[in-house]
Amino acid sequence: MQTFRLVFVLVCIVPSCRLWANPPADSGVSAVRGVPVTIEAGFATPPLSARVRCFWWWLNGHVTKTAITRDLEQMRAKGFGGAMIFDADGSSQRGNTQVPAGPMFGSPAWRVLFKHAVREAERLGLELSLNIQSGWNLGGPNVTPIEAAKQLTWSEKRVQGPLSFDAVLPSPKQRAGFYRDIALVAYRAKPTQQVPSEHKPIRQLELKSAFREIGGSAPDCRILLTDYPARPGEEDVLLKNVVNLTDRLDDKGRLRWDVPRGNWVLLRFGYTITGARVSTSSGQWQGLVVDYMSSDVFRGYWQRHVEPLLNDIGPLAGKTLKYLHTDSWECGGMNWTPNFETTFHKKRGYDPIPYLPIVAGKIVENRHASNCFLADFRKTISDCVADDHYAVFRKLAGDRSLGTHPESGGPHAGPFDALKCLGRSTIPMGEFWAPSPHRPRPENRFFVKQAASAAHIYGKRLVAAEGFTSIGPHWSEVAWRDLKSSFDREACAGLNLTFIHTFTCSPQEMGIPGQEYFAGTHFNPQVTWWNKACTIVSYFDRCQFLLQQGQFVADVCYYYGDHVPNLVQRKQSDPAGVLPGFDYDVLDEEILLSDMKVERGRLVLSGGMSYRLLVLPDNGTLSLGALKKLRDLVRDGATVIGPKPRKMASLTGYPESQSQFQNLADSLWGKANGQVGHKPYSQGRVIWGKSARDVLHDARIRPDFQFTAHRPDATLDYIHRRVNEIDIYFVSNQRPRMETARCTFRVNGKQP
């Protein structure tokens, strides 16, 4: 006997209210070719905008016109809204047989197939997206070292002065014969007797310097804000004693310098390539990963590889081909780009060159200052990734009437602020996995809350996700047991546009089940239950239509800090402390500083979201800019929950900024005596030692959704959206069994 999860969508309306025939433009109600769709009509026949898409794998480029036409016709028949063309290989992974090679991505023969696919999609009324390369980690076969992802490298030499030094310094380590100088700095080493017997370097220096990723499942990266306790005299050099000798270094690496008395350490800094390469690409589409910190590099890639494809399809670019894509960051760390020192100085307000010895394992000034520099260093890298890669991607796409939906927020923790990167997309896109031995735990499977928060705070309607990814065992999924349960969970986190992963294009001569990608839940005409796929696709489409309407309803906004890397974990991690019964968004520093204000006691954003409470991270670390904004919000009537900030992780404006920080914290929190307390400030207040849920209960705010069930361990989740006077609740049973429950919704004067 099979049991099914209880899931329903409840639409509450004013009894006398009539559903719109012509809703206002900002109502959130979908439209088909400019004609508004009512709730009833859209639920019965979801419009194209609400229908599922898929990752449409062109495996090793081995596709044909006949297979392309058949796939698109089958998608249309089963209720898909479109597909994303994704050329890649991976067919031979996990011991599988390599599929034959087809045309390489972007080659003349591949472009013929691409044009055919777009024209067929136009004929069938489908929308397409395109992954702008073969595989992922943006790059390719003609990416030169000067265009490739880069990282710092250095060499060290000690000299005893006084001395007239004239020699070529040791060349730093390099890859692929590529190296460029940045700077030469020197300092007088301490006498041996002044060096502590136990000299600990900066903890996790390689991660703090962005030489590699931290992890692959949206880890909590605040650990990079901590270090070993400071010890007296442990610094290698005071900042004032770092000497910049760059102007004495010629282009051959020769230094001419009259060395003063003492034992001097010479550090020659430059950059080389990271060596990161494109992953899982077809045929000859191998090569280096591009420099994600350079707008010029992205524009060059665009001109070579994207513009020709868009020119091929003419007016169908922006009409049938609607979106462009790049996949998740899995290219490791990168930490330099040409002129990075200038960008750093502009954004952080001080020169990074005297601090570079920190990256080489030294402690400059003191341990705290060294960690603050590294935090500024990572934050500047993140700014470059967001503004010189993902923002440029959207700008170039927009110039051709196209949108973007890159997986720019992890879950691999590269050197970026995930919400900020996702905010640069037309559609923020995350991912979620089907249950499998590869990712058995929920915290390793569900990552949509991040994309949903980005959409909500940046004022975007759609929340997309690569859905049902899996790395085996294959062919064992049961659609209603495995796929629906994963979809329902992420729908409660904000998902409203699923890209099914995966639909592999397989020419008829490849037989049954045909050629298949090594990962993903196989969802295509080769599976035995394909003829019955309409039912579950229809379920996804109808839910997505309703979940695309109006505005998300949340009582609380959680500020996740200004550190880098920074990622949002699954909804159930509940950093805001509101579950169950209430919901929340996660906020980044950019939107906090630029967009949040207070109206009638509520925290509001220009995109339409509003919240009762703002919750701070529990690690006591904030930027000075964030603390100043909190003062303004509380002054204007906001309620802020969180511990008194103890420190900032930045050297911008230091040391004056430190005294400003302390004065602001004191004015808002006072002494913050006791584990629990509150302090009024002008029209608002700050509270510490309580969860957001407790504060809402204290204010007699009823839960937005609550239930009582026959079984004490029953677990129901929900999401609430509101469009004008209509409230839409989606409720999901999170356990694989039948439940009987009495549910209460925070609406009045309405009926379902």
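Keep in mind that the numbers below use all heavy atoms, side chains included, and drop hydrogens, waters and symmetry copies.
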Identify the heavy atoms of [X] and [Y] that sit nearest to each other, and give their distance.
X    : Y    : answer
A741 : L716 : CB-CD1, 3.9 Å
I536 : F523 : CG2-CZ, 4.1 Å
T38  : A41  : OG1-N, 3.0 Å
L567 : A218 : CD2-CA, 4.1 Å
G414 : W329 : CA-NE1, 3.8 Å
F447 : E490 : N-OE2, 3.1 Å

Quick check for you: to the nearest 0.5 Å, what is the distance between [X] atom [atom1] and [Y] atom [atom2]?
X    : Y    : atom1 : atom2 : answer
F446 : S573 : CZ    : OG    : 13.0 Å
L546 : N496 : CG    : CG    : 11.0 Å
E407 : C421 : CD    : SG    : 13.0 Å

Report yes if some heavy atom in the side chain of [X] is under 4.5 Å from a heavy atom in the side chain of [Y]; otherwise report no.
X    : Y    : value
Y559 : L614 : yes
I427 : V463 : no
F80  : I500 : yes
Q548 : L462 : yes
R53  : M84  : no
P437 : P473 : yes
L547 : I719 : yes
L126 : L72  : yes

Can you classify the ring geometry of [X] versus [Y] as parallel (below 30°), tilted (30 to 60°) or perpendicular (above 60°)?
X    : Y    : value
W57  : H501 : tilted
H405 : H325 : tilted
H456 : F552 : parallel
W136 : F86  : perpendicular

Without hydrogens or angle criteria, can the side chains of [X] and [Y] be said to hold a donor-acceptor pair below 3.5 Å?
X    : Y    : answer
S485 : D488 : no
S217 : R439 : yes
D71  : W56  : yes
Y458 : E590 : yes
S453 : Q450 : no

Practice task
Kindly determine whether T498 and Q544 satisfy side-chain hydrogen bond (donor to acceptor under 3.5 Å, both in side chains), including the steps that lead there.
Solution key: CA-CA 8 Å; T498 306; Q544 289 181 166; 2.8 Å; yes
Practice task
Walk me through it: do E431 and S328 pass the test side-chain contact (heavy atoms from CB on, under 4.5 Å)?
Solution key: CA-CA 9 Å; E431 66 181 65; S328 57; 4.3 Å; yes
Handout entry: Evaluation steps, side-chain contact (heavy atoms from CB on, under 4.5 Å), between M75 and C54
Key = CA-CA 9 Å; M75 291 178 201; C54 64; 3.8 Å; yes
Check for a donor-acceptor pair, side chain of [X] on one end and backbone N or O of [Y] on the other, with a separation under 3.5 Å.
X    : Y    : value
R711 : A709 : no
Q526 : G514 : no
R693 : P580 : yes
D482 : V478 : yes
T426 : T404 : yes
D585 : I457 : no
R721 : Q549 : yes
D588 : I591 : yes
D417 : G409 : no
R746 : P703 : no

Handout entry: Residue of the set W480, F499, F468 for which ring-ring contact (aromatic ring centres under 6.0 Å, His included) holds with F540
Key =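 Testing F540 for a ring-ring contact (aromatic ring centres under 6.0 Å, His included) against W480, F499, F468 leaves exactly one candidate, F468.
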Problem - Result of checking Q734, K571, R489 against D717 for side-chain hydrogen bond (donor to acceptor under 3.5 Å, both in side chains) - result: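 Only match with D717 under side-chain hydrogen bond (donor to acceptor under 3.5 Å, both in side chains): K571.
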Practice task
Could you please spell out the steps behind the salt bridge (charged side-chain N to carboxylate O under 4.0 Å, His left out) verdict for R737 and D713?
Solution key: CA-CA 12 Å; R737 67 189 187 200; D713 62 341; 2.5 Å; yes
For [Y], is the NZ or CZ atom of [X] found under 6.0 angstrom from the centre of its six-membered ring and inside 45 degrees of the ring axis?
X    : Y    : answer
R445 : W433 : no
K750 : Y729 : no
K449 : Y584 : yes

Problem - Aromatic centroids of F582 and H697 separated by under 6.0 Å - result: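 Ring centroids of H697 and F582 are less than 6.0 Å from each other.
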Handout entry: side-chain hydrogen bond (donor to acceptor under 3.5 Å, both in side chains) between T504 and E516, intermediate numbers included
Key = CA-CA 6 Å; T504 305; E516 285 289 4; 3.0 Å; yes
Just checking [X]: does its [atom1] atom have more than 12 heavy atoms from other residues, nucleotides or ligands closer to it than 6.0 angstrom?
X    : atom1 : value
R685 : CZ    : no
R76  : CZ    : no
H678 : NE2   : no

Problem - Verdict with reasoning, Y323 to L128, per side-chain contact (heavy atoms from CB on, under 4.5 Å) - result: CA-CA 7 Å; Y323 300 100; L128 292 181; over 6 Å; no
Exercise for the section: Would you check, one step at a time, whether the test side-chain hydrogen bond (donor to acceptor under 3.5 Å, both in side chains) holds for S610 with R602? Expected result: CA-CA 6 Å; S610 71; R602 293 185 69 95; 3.1 Å; yes
Problem - side-chain contact (heavy atoms from CB on, under 4.5 Å) between V568 and L419, worked out - result: CA-CA 8 Å; V568 180; L419 289 175; 4.1 Å; yes
Problem - Identified salt bridge (Lys or Arg N to Asp or Glu O under 4.0 Å) partner of R612 from the options D698, D704, D583, D555 - result: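 Among the candidates, only D555 passes.
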Practice task
Please report the C-alpha distance between K78 and D541 in whole Å, then the side-chain angles of each, then the deciding distance to 0.1 Å, and finally whether the salt bridge (charged side-chain N to carboxylate O under 4.0 Å, His left out) criterion is met.
Solution key: CA-CA 11 Å; K78 294 298 184 288; D541 292 348; over 6 Å; no
